[in-house]
Trainee: 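Sending over a structure as structure tokens; questions will come in a sec.
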Amino acid sequence: MSDLHDEVLRWYAAAARDLPWRRADATPWGVYVSEIMLQQTPVSRVEPVWHDWMHRWPTPADLAAESPGEAVRAWDRLGYPRRALRLHAAAVAITEQHNGVVPESFDQLLVLPGVGTYTAAAVSAFAFGIRVPVVDTNIRRVHARLVGGVAQAAASLTAAERDLAAELLPEDPSEAATWNVAVMELGALVCTARAPRCGACPVADRCAWQLAGAPAYDGPARRGQKWAGTDRQVRGRLLRTIREADGPVERPALDVVWHDQTQRERALSSLVEDGLVEPLPGDRFALPR
DNA sequence: AATCCGTGGGT
DNA sequence: TACCCAAGGAT
């Protein structure tokens with residue numbers, strides 16, 4: 001084991017958070033659910049919802065037996081609610097095509113709805129200990145600084161980044177599994193996007209970015225996503241109203257959430273198109289059955 | 001490749 | 001206050 005691996009793995013052993021989906025009693029399904037919930041969503045908001053889901057639907061078959069609308073309701077306010085729909089669809093696929101057992105391989109995971117390259121690698125590595133490089137936004141940032149000597153990773157994942165992650169992965173499968181989560185944790189707790197705590201970093205003395213004097217990012221500015229006034233905001237309001245209602249919602253209850261009728265209709269139609277909302281007779285709307 | 005897709009906390 | 005950001009995926 002190299003010094004680099006040794007330092008990071010030691011740090012992880014001492015500093016890792018005790019997250020429920022990392023515990024020895026976590027099931028592959030629990031890991032799977034956590035990875036979907038954690039997409040673009042902070043740990044602190046995922047934890048309580050994850051516990052609710054695991055208590056209610058401890059296996060893929062349990063969730064598959066429910067209506068997709070119940071998944072959307074239980075998703076609560078985690079955001080990007082299409083993830084709930086895809087998680088339900090994945091539960092159905094796992095139940096019908098894999099005898100209710102979460103598949104282990106990257107390739108089998110990748111074809112499940114809502115699973116991309118990151119999630120397929122993460123589930124394979126974290127739930128099954130398979131030696132596969134995991135590359136998420138934290139790991140990309142750590143690599144960009146530690147090896148690349150720059151403050152931020154490229155705008156989109158490059159082949160060079162994938163190659164680097166593969167090169168850095170320890171040969172031993174057990175070490176590789178821990179390495180993936182350890183580098184991710186380092187990015188989440190120490191090598192953070194905004195105010196990195198380099199004084200607490202186990203590899204600051206060999207960090208190319210530190211050795212270069214921690215130069216500021218000098219690439220093109222990333223334009224942030226707009227929020228106020230967008231269809232996303234309107235969709236959020238509409239779905240929240242429907243999600244929090246006991247039964248089907250009448251049209252007037254939706255009219256009050258947004259003043260612009262054209263945009264309101266467009267947003268509602270898109271929710272129906274996505275399968276997040278089901279139109280009912282009598283101009284009413286509900287979560288899908 | 002660029003854009004869309006929620007929500008809320010940190011600075 | 002107005003941003004920035006958070007274990008991405010689909011199109």
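First the proteins, then the strands, lettered A, B, ... as listed; each starts at 1.
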Trainee: Could you please name the option among dA7(C), dG6(B), dA6(C) that lies closest to any side-chain atom of P42(A)?
Mentor: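 Among dA7(C), dG6(B), dA6(C), the one nearest the side chain of P42(A) is dA6(C).
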Trainee: Please state the P separation for the pair dT11(B) and dA7(C) - nearest whole angstrom.
Mentor: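 These two P atoms come out 14 Å apart once rounded.
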Trainee: Just to confirm, is there a sub-4.0 Å distance from OP1 or OP2 of dG8(B) to any side-chain nitrogen or oxygen of R77(A)?
Mentor: yes
Trainee: Out of dA7(C), dG6(B), dG9(C), which has the shortest distance to the side chain of T119(A)?
Mentor: dG9(C)
Trainee: Is any side-chain N or O of R194(A) under 3.5 Å from a base N or O of dC4(C), one able to act as donor and the other as acceptor?
Mentor: yes
Trainee: Which nucleotide, dA7(C), dC5(C), dC5(B), lies nearest any side-chain atom of R232(A)?
Mentor: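 The answer is dC5(B).
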Trainee: With C1' as the reference atom in both, quote the distance from dC5(B) to dA6(C) in angstrom, rounded to an integer.
Mentor: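 Those two atoms are separated by 15 Å.
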Trainee: Would you mind reading off the distance between L78(A) atom CG and dG9(C) atom P, rounded to a whole angstrom?
Mentor: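 So the two atoms are 16 Å apart, to the nearest Å.
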Trainee: Provide, to the nearest angstrom, the distance between the CG atom belonging to L189(A) and the C1' atom belonging to dA6(C).
Mentor: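 Atom-to-atom, L189(A) to dA6(C), this comes out as 13 Å.
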Trainee: Between dC5(B) atom P and R86(A) atom CZ, what is the distance in whole Å?
Mentor: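 In whole Å, dC5(B) P and R86(A) CZ are 12 Å from each other.
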Trainee: Taking W53(A) for the side chain and A74(A) for the main chain, is one N or O donor matched with an acceptor at less than 3.5 Å?
Mentor: yes
Trainee: Given the C1' atoms of dG9(B) and dG9(C), what is the spacing between them in whole Å?
Mentor: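 So the two C1' atoms sit 23 Å from each other.
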Trainee: For R235(A) and for S44(A), locate the closest nucleotide of DNA chain B by heavy-atom distance; then report the residue assigned to the nucleotide nearer the 5' terminus.
Mentor: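 So the residue in question is R235(A).
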Trainee: Starting at atom CD of Q225(A), determine the distance to atom C1' of dT7(B), rounded to an integer number of angstrom.
Mentor: 12 Å
Trainee: Between dT7(B), dC5(B), dA7(C), which nucleotide has the shortest distance from any of its atoms to the side chain of W21(A)?
Mentor: dA7(C)
Trainee: Can you tell me if Q39(A) touches the phosphate of dG8(C), counting only side-chain N or O atoms and a distance under 4.0 Å to OP1 or OP2?
Mentor: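 For Q39(A), the contact criterion (side-chain N or O under 4.0 Å from OP1 or OP2 of dG8(C)) is not met.
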Trainee: Between atom CG in L38(A) and atom C1' in dG9(C), what is the gap in whole Å?
Mentor: 15 Å
Trainee: Rounding to the closest angstrom, what is the interatomic distance between dC4(C) and dT3(B) at atom P?
Mentor: 16 Å
Trainee: Between P on dA6(C) and CD on E47(A), what's the gap in Å once rounded to a whole number?
Mentor: 18 Å
Trainee: Using a 4.0 Å heavy-atom cut-off, does G116(A) contact any base of the nucleic acid, only the sugar-phosphate backbone, or nothing at all?
Mentor: sugar-phosphate
Trainee: Taking only the C1' atom of each, what is the distance from dT11(C) to dA1(B) in whole angstrom?
Mentor: 11 Å
Trainee: Return no unless some side-chain N or O of R83(A) is found under 4.0 Å from OP1 or OP2 of dG8(C).
Mentor: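 So the side chain of R83(A) is outside the cut-off, no N or O lying under 4.0 Å from OP1 or OP2 of dG8(C).
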Trainee: Give one of base, sugar-phosphate or nothing for A193(A), where a contact means two heavy atoms less than 4.0 Å apart.
Mentor: sugar-phosphate
Trainee: Grouping I, L, V, M, F, W and Y whenever their side-chain heavy atoms are under 4.5 Å apart, do V203(A) and L189(A) come out in a common cluster?
Mentor: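 Per the 4.5 Å side-chain linkage, V203(A) and L189(A) are co-clustered.
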Trainee: Side-chain heavy atoms nearer than 4.5 Å, only ILVMFWY residues, links allowed to pass through others: does that put V123(A) and M37(A) together?
Mentor: yes
Trainee: Would you say the side chains of R83(A) and T41(A) form a donor-acceptor pair under 3.5 Å?
Mentor: yes
Trainee: Start at the 5' end of DNA chain C and walk down; is the nucleotide closest to R22(A) or to V115(A) reached first?
Mentor: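 Going by which nucleotide is closer to the 5' end, it is R22(A).
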Trainee: Without decimals, in angstroms, what is the distance between F126(A) CZ and dA7(C) P?
Mentor: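 About 12 Å, once rounded to whole Å.
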Trainee: Please state the C1' separation for the pair dC5(C) and dG6(B) - nearest whole angstrom.
Mentor: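 Roughly 13 Å separates the two C1' atoms.
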Trainee: Report, as yes or no, whether the 6.0 Å neighbourhood of atom CZ on R251(A) holds more than 12 heavy atoms from other residues, nucleotides or ligands.
Mentor: yes
Trainee: OP1 or OP2 of dA6(C) versus the side-chain N and O atoms of R141(A): is any pair under 4.0 Å?
Mentor: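 Answer is yes, contact under 4.0 Å.
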Trainee: Between dG8(C) and T117(A), counting only base atoms on the nucleotide and side-chain atoms on the residue, is there a donor-acceptor pair under 3.5 Å?
Mentor: no
Trainee: For the residue pair D231(A) and Q263(A), what are the closest heavy atoms and their distance?
Mentor: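 So the two residues come closest at OD1-NE2, 2.9 Å.
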Trainee: Does this structure show an ion pair linking D18(A) with R23(A), if we count only N-O contacts that are shorter than 4.0 Å?
Mentor: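 Salt bridge flag = yes for R23(A) with D18(A).
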Trainee: In terms of side-chain heavy atoms of W227(A), which of dC4(C), dA7(C), dG6(B) is nearest?
Mentor: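 Of all the options, the side chain of W227(A) is nearest to dG6(B).
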Trainee: Would you indicate what T137(A) reaches in the nucleic acid, counting non-hydrogen atoms under 4.0 angstrom: base, sugar-phosphate, or nothing?
Mentor: sugar-phosphate
Trainee: Which whole-number value in Å describes the distance from L271(A) CG to dC4(B) C1'?
Mentor: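 So the two atoms are 13 Å apart, to the nearest Å.
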Trainee: How is L85(A) classified with respect to the nucleic acid when contacts are heavy atoms under 4.0 Å: base, sugar-phosphate, or nothing?
Mentor: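 Nothing, no heavy atom under 4.0 Å.
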